[in-house]
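Quick notes on the structure that follows.
Along the sequence shown, residues are numbered consecutively beginning with 1. The structure presented is a predicted model; accordingly, all values stated were derived computationally and were not measured. Counting starts at 1 for both ligands and their atoms, following the listed order.
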Amino acid sequence: MTLHAAYDPDNIFAKILRGDMPSVKVFEDDVALAFMDVFPQTEGHTLVIPKGVQSRNFLDMPADFLGSYMLRVQRVAKAVEWGLKPDGLRVMQFNGAAAGQTVYHLHFHILPIWEGKEMGRHGAGTMAKPEELAPLAEKIRAAI
Ligand code: AMP
């Protein structure tokens with residue numbers, strides 16, 4: 001049962017938050033951290049995670065923290081749009097393994113979409129190199 005379980009403080013995103021694992025960051029304040037997905041489904045695939053909470057998913061996010069976190073999700077989504085100029089934008093979020101979740105710290109995916117460009121499958125992409133992600137992160141950062 002992955003939908004309701006204890007928060008694992010050693011999940012990948014907790015390690016990124018602690019600085020124990022590297023990430024290509026695009027935004028950070030006291031509420032949220034946004035960084036490039038290393039298995040991008042589209043060019044510019046960005047993740048936004050909350051700070052200061054031990055939430056595995058959307059369902060167990062404390063209500064008091066939700067509003068401020070969602071404002072950051074929207075802010076990063078707007079920056080992805082302004083920075084990369086896609087034709088559309090997908091905002092996705094999975095809860096539990098059955099729904100496709102693989103990392104158990106709440107996160108929203110922001111996926112820029114270009115007409116005619118295929119989107120990769122979730123959890124099946126090739127690992128991007130930091131030097132490929134850095135210029136995309138720079139464009140998004142510049143638009144925040
Ligand atoms: P989900 O399957 O919704 O839990 O999404 C987890 C996402 O985290 C996937 O899109 C992965 O590609 C991504 N991911 C896994 N490990 C890392 C990492 N070390 N840095 C950045 N993104 C990661």
Side-chain angles (χ1 to χ4, degrees), residues 1-63 65-84 86-114 117-144:
M1 177 51 129
T2 56
L3 199 48
H4 302 287
Y7 179 84
D8 172 11
D10 285 325
N11 73 76
I12 296 168
F13 294 170
K15 287 182 180 171
I16 287 176
L17 278 172
R18 285 199 297 270
D20 293 344
M21 269 191 78
S23 67
V24 178
K25 294 181 184 178
V26 302
F27 170 83
E28 183 165 22
D29 68 1
D30 55 333
V31 173
L33 169 69
F35 53 94
M36 306 308 293
D37 195 304
V38 282
F39 298 98
Q41 289 178 253
T42 67
E43 201 175 71
H45 183 169
T46 303
L47 301 169
V48 189
I49 66 176
K51 290 170 74 169
V53 291
Q54 296 205 325
S55 298
R56 287 170 61 88
N57 57 44
F58 193 57
L59 304 179
D60 63 13
M61 179 70 170
F65 290 85
L66 194 55
S68 54
Y69 168 57
M70 290 311 294
L71 285 174
R72 272 56 172 194
V73 173
Q74 187 195 48
R75 184 168 170 191
V76 175
K78 284 181 174 181
V80 169
E81 202 244 319
W82 290 334
L84 303 182
D87 300 312
L89 207 73
R90 240 174 232 177
V91 179
M92 306 194 306
Q93 194 275 319
F94 306 111
N95 301 281
Q101 186 174 12
T102 56
V103 179
Y104 297 98
H105 180 107
L106 173 61
H107 51 282
F108 275 74
H109 298 256
I110 296 168
L111 291 134
I113 308 286
W114 286 268
K117 260 198 193 176
E118 283 281 308
M119 180 174 147
R121 278 185 44 226
H122 182 66
T126 45
M127 196 174 200
K129 297 187 179 74
E131 56 267 31
E132 293 165 346
L133 299 176
L136 296 163
E138 182 51 46
K139 285 184 187 170
I140 299 167
R141 251 197 314 271
I144 283 184

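- For Asp20, the salt bridge (charged side-chain N to carboxylate O under 4.0 Å, His left out) partners two or more places apart in sequence, or in a different chain, are Arg18.
- Residues Lys78 and Glu81 are not paired through a salt bridge, judged by the lack of any N-O separation under 4.0 Å between the basic side chain and the carboxylate.
- Of the residues Gln54, Arg56, Gln101, Met61, the one that meets the side-chain contact (heavy atoms from CB on, under 4.5 Å) test with Leu106 is Met61.
- Checking only distances, His109 does come within under 3.5 Å of ligand 1, N or O to N or O.
- Other residues, nucleotides and ligands contribute at most 12 non-hydrogen atoms within 6.0 Å of the CD atom of Glu43.
- Residue contacts with ligand 1 for Met92 are absent, since no atom lies close enough (heavy atoms, distance under 4.0 Å).
- Less than 4.0 angstrom separates some heavy atom of Phe35 from each of these atoms of ligand 1: 21 (C).
- The nearest protein atom to atom 7 (C) of ligand 1, hydrogens excluded, is given as Asp37 OD2, 3.5 Å; this is a heavy-atom distance.
- Proximity of Ile140 to Met36: side-chain heavy atoms (C-beta onward) are separated by under 4.5 Å at one or more points.
- Here the two rings, on His107 and His105, have centers that are 6.0 Å apart or farther.
- Between the side chain of Thr42 and the main chain of Met119, no donor-acceptor pair closer than 3.5 Å is present.
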Q) Between Tyr69 and Val48, is a side chain to side chain contact (heavy atoms under 4.5 Å, CB included) present by the stated rule, with each step listed? A) CA-CA 9 Å; Tyr69 168 57; Val48 189; 4.0 Å; yes
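- Between His109 and His122 there is a side-chain heavy-atom pair separated by less than 4.5 Å.
- Taking every heavy atom of Met21 and a limit of under 4.0 angstrom, the matching atoms of ligand 1 come to 19 (N).
- Shown in contact with Gly100 at under 4.0 Å from a heavy atom are these atoms of ligand 1, numbered in order with element: 2 (O).
- If you look at Phe13 next to ligand 1, the close heavy atoms, those under 4.0 Å, all belong to the side chain.
- Annotation: atom 17 (C) of ligand 1 to nearest protein heavy atom, Val38 CG2, 3.4 Å.
- Note on ligand 1: His122 sits in its first shell, one or more heavy atoms being nearer than 4.0 Å.
- Interface atoms of ligand 1 facing His107, defined by a heavy-atom separation under 4.0 Å, are 1 (P), 3 (O), 4 (O), 5 (O), 6 (C).
- With ligand atoms numbered from 1 in the order given, ligand 1 contributes 21 (C) to contacts under 4.0 Å with heavy atoms of Met36.
- Close contacts between ligand 1 and Thr102 involve ligand atoms 1 (P), 2 (O), 4 (O), 5 (O), 6 (C) [criterion: under 4.0 Å to a heavy atom].
- Near Ile12, the atoms of ligand 1 lying under 4.0 angstrom from a non-hydrogen atom of the residue are 16 (N), 19 (N).
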